[in-house]
Amino acid sequence: MSFDTEVLIIGAGMSGLGLAVQLIRKFGVRDFELIEKSNDVGGTWSANTYPGCGCDVASHFYSYSFAQNPDWTRKYSMQPEIQQYFRSVAEQYRIVEKIRFHSVVTKARWDDDNDIWIVTVLDVTSKKSTIRRCKILVSAVGALSVPKKCEIPGAENFKGPLFHSAQWDHSFEWKDKEVVVLGNGCSATQFLPIMAAGPDAVKKITQFSRQAQYLSERENPYYSSTFKNVMKYVPLAMRIYRAHIYWQLERDYFGLEIERGKAIREDLAKENEAYVKRKAPKKYWDALIPKTEIGCKRKVLDTEYLSSLHRENVELVYDDPVEQILDSGVRTSKGRIIHADAIVLAIGFATQQMLFPMEIVGRKGLGLNQYWDTTSQSVAQAYFGTCVPNFPNFFIMMGPNTVTGHLSVIYSSECQINFILRLIDPIIRTLPSYRSASLLPSFLVAPTSTVEVRLDAARRDSQWTQAAAKKLVWASGCVNWSVDEKTGLNSIMYPDWQFLYWFRSVFLKREDFVYKEEGSGQIVRRDWRETVLGLAGLGVLIGGAFLSRDWVTDVSKRLRGVDVKGLLRV
């Protein structure tokens, strides 16, 4: 059976967009589609538009390595600038024309007979479903794409605006209003200071918190024109600056190990306590100084939040949780009634509901959730956070155990992109869009149709991941969004240095994967074709000494996929 598109990517956020760009840059192919539920690219940076929304990773590192931007206005950029950055990358590579906006994937089923994915796409505007058939399917929906629902009784009875911070109601004018905020994570600490101050300040904002967060000082200077020019015109300046930021973040991993990092965490905790006592009202110190290990929950950068707690129109409630939502406010467990014109939910995302609510069905009708239920106690697990046995040609961006507690999510995502591109390389070489631009005879291309991780390899990887995670601070006892409350298994964080994560993405364990031919299902093994391709690649390199650079560049593009390592192994 033929297919409608060679690669189908679910989600046009940071990871999906990055993969699409690299398909163009690495293979020169454009036969792909992206399915996006919103009306723009950017994912979480398109969805989150609450006041004060910004990033807690320096922008020169919170950006693609292949699309560095010398014009960031400040060290930690705000949402509009980050969103515009992703939009500019999409426009530069003409990705926008490949996106189906206002659409979601409801189901994807692997067709064993034809080695393709059959994907049901729902247009959320027209409510019409269409079928798209693809050779390679990639989920890039992200870990922070489904806001948690409010589970407090009575939410349906509230008469005013009640919304999640990731679904901000911009029609609500908070000036002189009384607002209740549930939650004290990153989002709340960003929008609360803005709502509480200035000419449009709220009359009263009451914030309910459950667990203290580690808040650290953040300086956010604007970059001068001189600095921007250095980044733009001085060779390697941006990469050196980026490397500097990387090292500042990566070294924090020293403190994540429960035993060996204890002294580091104790020093950091003291610094945090001193900072809170310097900035926040004394009456809130107990609520703002955590009793848990630092690093168990990701640090929150202070965006004037602690200072705002001095304001008369701000109240932090930490020992009397909301028990019920009324039609005009909330009732606490101690019986206190607090009036509210609006309730803002800053309660996080459903991180344990991986790929929800899509239905993914692999070989022989095996559902993805069914696989996880039977093999990992209902907790999502995947090899390198990307591949699952019995789901050929299917890859999960920002999948289980891919999030870092100390670095940039874009760095992790690019590692996954490296990993996926290397895995699908033999398959891409057989597909029409690639073959149409290649001078290599078809008999030199191994007839590869599918790639799949071995079950034993996936189990070993999962066992290593869980064993390593138990040695790190996330398992020290605090309530966090990376550990499943029922099983105690970590389904979110990657338990190792990020440079080692990159190393794994580049140097694959080929023996952990199986490649098969279309139709016959026979295993494709590395053979004499690699030697021929290696010789061809070496010939191009030698020819460069005698022929023009343009000619060599043109030929090298047409001989994409040459594996020089294959030659070296002979």
Side-chain angles (χ1 to χ4, degrees), residues 14-15 18-19 22 26 57-58 60-66 143 239-240 242-262 264-265 293-296 298-299 376 380-388 395-425 453-454 456-476 480 482-483 489-513 565:
M14 170 269 300
S15 56
L19 177 61
Q22 291 293 57
K26 299 296 185 182
V57 177
H60 276 276
F61 194 63
Y62 194 85
S63 50
Y64 298 123
S65 62
F66 55 82
R239 293 199 176 276
I240 294 172
R242 182 182 172 94
H244 170 68
I245 297 173
Y246 163 80
W247 168 241
Q248 286 184 316
L249 297 173
E250 180 77 310
R251 65 184 180 181
D252 285 348
Y253 186 82
F254 282 115
L256 295 181
E257 296 187 7
I258 292 177
E259 297 299 330
R260 292 192 294 181
K262 186 176 181 180
I264 296 175
R265 292 196 305 276
E293 291 279 358
I294 191 169
C296 187
R298 183 160 180 156
K299 289 189 298 183
S376 55
Q381 296 284 274
Y383 183 100
F384 198 68
T386 311
C387 302
V388 180
F395 307 96
I396 308 172
M397 297 292 295
M398 298 310 301
N401 300 106
T402 57
V403 176
T404 165
H406 63 290
L407 216 60
S408 164
V409 68
I410 295 186
Y411 179 95
S412 303
S413 179
E414 285 203 63
C415 289
Q416 280 193 286
I417 292 172
N418 289 337
F419 182 80
I420 292 172
L421 293 179
R422 282 165 171 77
L423 280 181
I424 67 175
D425 177 85
V453 66
R454 296 181 182 272
D456 58 337
R459 285 174 173 169
R460 285 196 305 271
D461 187 68
S462 178
Q463 289 169 359
W464 170 82
T465 299
Q466 294 305 322
K470 291 185 183 299
K471 300 176 183 179
L472 301 178
V473 69
W474 310 308
S476 61
N480 59 57
S482 61
V483 176
L489 298 177
N490 192 319
S491 64
I492 303 296
M493 314 302 289
Y494 186 75
D496 207 347
W497 296 88
Q498 284 295 291
F499 77 87
L500 293 177
Y501 189 70
W502 167 85
F503 189 89
R504 286 187 63 189
S505 76
V506 175
F507 300 97
L508 309 186
K509 291 184 177 181
R510 295 288 182 180
E511 64 273 15
D512 288 349
F513 300 90
K565 292 181 180 178

Minimum-distance pair of heavy atoms, taken over all atoms of [X] and [Y]:
| X | Y | answer |
| --- | --- | --- |
| Leu421 | Leu19 | CD2-CD1, 4.1 Å |
| Ser413 | Met398 | CB-SD, 4.2 Å |
| His60 | Ser63 | O-OG, 3.5 Å |
| Met397 | Ile417 | CE-CG1, 3.6 Å |
| Asn401 | Asn490 | ND2-O, 2.9 Å |
| Val506 | Arg422 | O-NE, 3.3 Å |

Student check: side-chain heavy atoms of [X] and [Y] closer than 4.5 Å:
| X | Y | value |
| --- | --- | --- |
| Ile492 | Pro400 | no |
| Arg251 | His406 | no |
| Ile396 | Thr386 | no |
| Ile245 | Arg242 | no |
| Met14 | Ile410 | yes |

Can we call the ring centroids of [X] and [Y] under 6.0 Å apart?
| X | Y | result |
| --- | --- | --- |
| Tyr411 | Tyr62 | no |
| Phe503 | Phe499 | no |
| Tyr383 | Phe513 | yes |

Original post:
Phe254 vs Trp247 aromatic rings, parallel, tilted or perpendicular, using cut-offs 30° and 60°?
Top reply: perpendicular
Original post:
Got a sec, which pairs hit side-chain hydrogen bond (donor to acceptor under 3.5 Å, both in side chains) with one end in residues 492-501, sequence neighbours left out?
Top reply: Ser412-Gln498, Tyr494-Arg504
**OP:** Give a yes or no on this: more than 12 heavy atoms of other residues, nucleotides or ligands lie within 6.0 Å of atom CZ of Phe66.
**Re:** yes
**OP:** Assess whether atom CZ of Arg459 is packed by more than 12 heavy atoms of other residues, nucleotides or ligands within 6.0 Å.
**Re:** no
Could you grab the distance from atom [atom1] of [X] to atom [atom2] of [Y], nearest 0.5 Å is fine?
| X | Y | atom1 | atom2 | answer |
| --- | --- | --- | --- | --- |
| Trp502 | Glu414 | CH2 | CD | 12.5 Å |
| Leu423 | Asn418 | CG | CG | 11.0 Å |
| Arg454 | Asp461 | CZ | CG | 15.0 Å |

**OP:** Inspect the contact between Asp512 and Arg460 and indicate whether a charged nitrogen and a carboxylate oxygen are less than 4.0 angstrom apart.
**Re:** yes
